[in-house]
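Side chains included, hydrogens not; waters and symmetry mates left out as well; all remaining heavy atoms used. For the single chain, residues carry numbers from 1 onward in sequence order.
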Amino acid sequence: MILTDTELQKKVNILTNKLKAGLFQEVINEAKILLKKRKHQVLFNLLSLSYQSLGENNKSIEIMEIALKANSRNPHFLNNIGLSHFNLRNFKKAENYFKRGLDEAPKYISILNNLGSLKSFLNLNEEAISYYQKILEINDKLIEPYYNLAINYEALGQFKKSIECLEKILKLNPKFTQADRLLSNLTKYHENHSHYKNMRDKIENMDLSEKDKSHLYFAMGKYFEDIKNYEKSFQNYSNGNKIIKKTSNYKTEENKNYFKKIKNFNYDKLNNYSKNITRKIIFIVGMPRSSTSLIEQILSSHKEVFGGGELAFLESEVKEIFTYFDKNQNLQNDDIQNLILNSRNKYLEKISNYDNSTKAFTDKAPLNFRYIGFIKFLFPNSKIVHCTRDPLDVTWSNFKNYFSNSMPFTNDLKDIANFYKSYKDIMIFWKKKFPQFVYDIEYSNLVENSENEIKRLLNFCELNWDENCLNHHENNRAIKTASSTQARKPIYKTAIKSSDRYKNYLKDIKYLIESN
């Protein structure tokens, strides 16, 4: 029996509410039943969005391919299939679908925003900015494009423009406290700064969610740090972290087990399939906040190096290798060889979207220190630069910076300390297993003796001397990490022993880090 328009609208309203409530599997089950009665575009879209929300992007693509056979010019279908490909990091296919959708609907804001996100992801920030500006030409009251512009301007070091966008957001919606937090990173506060007063008033008088408050607590932690009231600074950073910790499922024991699994993997099985590749890749690893952004900024200032930034591609491939070995206990040699080649080629294909030249390519995902054994066999002629820094400085810097749930171990000092110990343990393991494969560079040595340390670094990376590496702060490439402001400055000494200001609150953590 075919659904009438009225019946369909009622069903769609119910499914839309379920989608908003996160009941994705229910939406999928019911939308499939309804599609048998009436193949309406809204049902296809609801089905696609539900699969995307569950991370099942391939199923979303299958649904949209069926829908596009019926209507190849539907901009909603083209946007959804483009988004699914983007989620799978199929960048060229994603861009193709987005642009086809834009040809059909040039003012479709969602597509313009998705194209902006795609370009931003690939560090093509100027192109990203142009898409967000087009959205504001259509509607200048939308917060998301202003926020995306602020992030892209900050990444490019255009801090004044970033601040202007953030201030516009706060005029449109004072409760959008993410803007306050970003603004705090770009502000050098003095006592009773007007922005601090605004934030304090929001905390005291506005009806804010806990998440909204967490952004303000981090921002006020920065304010009190700037005016050297370290007690109140610590209290605010702690309040912000406690809120995020409540929503996190992070467990130290699970992380220890994951590290144990990495160490216990039989790397000898991969040994026979090592083969040098023509592209030189420099993996920059270490604890987050250990100077990885600075090291990449220095290396990418070299005329023969392209800075790729913080990429998740290697982790994705390693997890697929783990899954494959877990599911197949009796792998044949050909299976392993194909797995290695496939993983290597997928990684190389993805980084080619950033740069396809013959330059050396840097991958600055700090937590790739976990996967040095896989790097050894996937990319045997790669270089691994391991950044180290004072343990308490690293711990404190992780705690005071907002990472949301992207690095859930950073929201509790004990969790950070335990993670640090696991990191130290696995680095000792790698160095015993693969001597000479990893190069250590210590932050304080770099600060005290920059030129010699940079020369040694370039020598390890088999790069000729380039004076530009001494002037890394003049490099205008995008930096999309918490270090975007610091890495644009000449090397400075104030970050050494920065945790000393908070040493009264870190005594237990110091003991935990130093204990066996």
inquiry  = Please check: side-chain N/O of S290 versus main-chain N/O of G286, any donor-acceptor pairing under 3.5 Å?
reply    = no
request  = Evaluate the ring planes of F369 and F259, with Trp represented by its six-membered ring, and classify them as parallel (under 30°), tilted (30 to 60°) or perpendicular (over 60°).
outcome  = tilted
query = Could you state the interatomic distance from OG (S406) to CG (L367), rounded to the nearest 0.5 Å?
reply = 9.5 Å
task = Would you mind reporting whether L299 and I284 have side-chain heavy atoms less than 4.5 Å apart?
result = yes
task = May I ask you to decide whether K383 forms a salt bridge with E462, counting only side-chain N to carboxylate O separations under 4.0 Å?
result = yes
Residues forming a side-chain hydrogen bond (donor to acceptor under 3.5 Å, both in side chains) with T252, sequence neighbours excluded = D415
message = If you define the side chain from C-beta out and look only at heavy atoms, does anything of F224 sit under 4.5 Å from Y189?
response = no
inquiry  = So that I can tick it off, tell me whether K175 and D212 are bridged by a salt bridge, with the cut-off set at under 4.0 angstrom between side-chain N and carboxylate O.
reply    = no
query = Is K455 salt-bridged to E451, cutoff N-O under 4.0 Å?
reply = yes
query = If you measure from the Lys or Arg side-chain nitrogens to the Asp or Glu carboxylate oxygens, is any gap between K414 and D508 under 4.0 Å?
reply = no
message = Distance alone, cut at 3.5 Å: any donor-acceptor contact between the side chains of H193 and Y223?
response = no
key: Six-ring centre of F437, K376 cation under 6.0 angstrom, axis tolerance 45°   = yes
task = Evaluate whether atom NZ of K346 has more than 12 neighbouring non-hydrogen atoms of other residues, nucleotides or ligands under 6.0 angstrom away.
result = yes
query = How long is the span from the OG atom in S450 to the NE2 atom in H472, to the nearest 0.5 Å?
reply = 8.5 Å
query = Would you find a donor on one side and an acceptor on the other, under 3.5 Å apart, between the side chain of N255 and the backbone of K251?
reply = no
inquiry  = Are Y439 and I384 packed together at the side-chain level, in the sense that at least one heavy-atom pair is separated by less than 4.5 angstrom?
reply    = no
Closest contact, heavy atoms only, S498 versus D393 = N-OD1, 3.2 Å
task = For the pair S162 (side chain) and F159 (backbone), establish whether a donor and an acceptor sit closer than 3.5 Å, ignoring hydrogens and angles.
result = no
request  = Take E164 and K168 through the test salt bridge (charged side-chain N to carboxylate O under 4.0 Å, His left out) and record every step on the way to the result.
outcome  = CA-CA 6 Å; E164 287 171 1; K168 282 178 183 174; 5.8 Å; no
ask   = Does CG belonging to N205 count more than 12 external heavy atoms closer than 6.0 Å?
value = yes
ask   = Should we say atom NZ of K260 is surrounded by more than 12 heavy atoms from elsewhere, each under 6.0 Å from it?
value = no
query = Side chains of Y354 and F121: closer than 4.5 Å at any heavy-atom pair?
reply = yes
query = So Y217 and S238, side-chain hydrogen bond (donor to acceptor under 3.5 Å, both in side chains) or not? Walk me through it.
reply = CA-CA 8 Å; Y217 284 130; S238 295; over 6 Å; no
note = Contacts satisfying salt bridge (Lys or Arg N to Asp or Glu O under 4.0 Å) that involve residues 398-413 (not counting sequence neighbours) are E225-K400
inquiry  = For residues 226-243, which residue pairs pass the salt bridge (Lys or Arg N to Asp or Glu O under 4.0 Å) check, not counting sequence neighbours?
reply    = K188-D226, K222-D226
ask   = Quick one: is the NZ or CZ of R181 closer than 6.0 Å to the six-membered ring centre of Y402, and within 45° of its axis?
value = yes
ask   = Does N266 CG have over 12 foreign heavy atoms under 6.0 Å away?
value = yes
query = Is it true that E310 and K364 make a salt bridge, defined as a side-chain N closer than 4.0 Å to a carboxylate O?
reply = yes
inquiry  = Please check: side-chain N/O of Q158 versus main-chain N/O of K161, any donor-acceptor pairing under 3.5 Å?
reply    = no
task = Answer yes or no: is there an ion pair linking D355 with R279, defined by an N-O contact shorter than 4.0 Å?
result = yes
Geometric class of the W396/Y237 ring pair [parallel <30°, tilted 30-60°, perpendicular >60°] = perpendicular
query = Is there side-chain contact between M287 and N398, with heavy atoms separated by less than 4.5 Å?
reply = yes
message = Treating S316 as the side-chain partner and A312 as the backbone partner, does any N or O pair qualify as donor plus acceptor under 3.5 Å?
response = no
task = Measure the CD1-CG distance between I441 and L446 for me, rounded to the nearest 0.5 Å.
result = 5.0 Å
query = Hey, is the main chain of G221 close enough, under 3.5 Å, to the side chain of S233 for a donor-acceptor pair?
reply = yes
key: R289 versus S397, side-chain donor and acceptor atoms under 3.5 Å   = yes
ask   = For K510, does the NZ atom have more than 12 heavy-atom neighbours from other residues, nucleotides or ligands under 6.0 Å away?
value = no
request  = Check whether any side-chain N or O of K421 sits under 3.5 Å from a backbone N or O of S515 as a donor-acceptor pair, and report yes or no.
outcome  = yes
message = Cation-pi check for F322 against K261: NZ or CZ below 6.0 Å from the six-membered ring centre and within 45 degrees of the axis, yes or no?
response = yes
Cationic N near anionic O, under 4.0 Å, E317 to R344 = no
ask   = How far does OH of Y371 sit from NZ of K319, to the nearest 0.5 angstrom?
value = 5.0 Å
ask   = Going by atom types alone, do E315 and N368 pair a side-chain donor with an acceptor below 3.5 Å?
value = no
inquiry  = Here's one to test your reading of the geometry: is the NZ or CZ of R89 within 45 degrees of the ring axis of F86 and under 6.0 Å from its centre?
reply    = yes
query = Does the N411 side chain pair with the main chain of S248, one donor and one acceptor, at a distance under 3.5 Å?
reply = no
request  = Taking atom types as modelled, find out whether H215 and D180 have a side-chain donor-acceptor pair closer than 3.5 angstrom.
outcome  = no
task = Report the C-alpha separation of L149 and I151 in whole Å, then their side-chain angles, then the decisive distance to 0.1 Å, and conclude whether the side-chain contact (heavy atoms from CB on, under 4.5 Å) test is met.
result = CA-CA 5 Å; L149 278 171; I151 290 170; over 6 Å; no
G308 backbone acceptor or donor facing N123 side chain under 3.5 Å = yes
message = For a side-chain hydrogen bond (donor to acceptor under 3.5 Å, both in side chains) check, start with the C-alpha distance between T388 and D440, then their side-chain angles and the critical distance, and finish with the verdict.
response = CA-CA 7 Å; T388 65; D440 289 345; over 6 Å; no
request  = Report yes or no: do D363 and Y347 form a side-chain donor-acceptor pair below 3.5 Å?
outcome  = yes
key: Straight-line distance of R456 CZ to C461 SG, nearest 0.5 Å   = 14.0 Å
request  = Establish, from distance only, whether the side-chain atoms of S120 and Y131 form a donor-acceptor pair under 3.5 Å.
outcome  = no
ask   = Just wondering, are more than 12 heavy atoms of other shown residues or ligands nearer than 6.0 Å to CG in N504?
value = yes
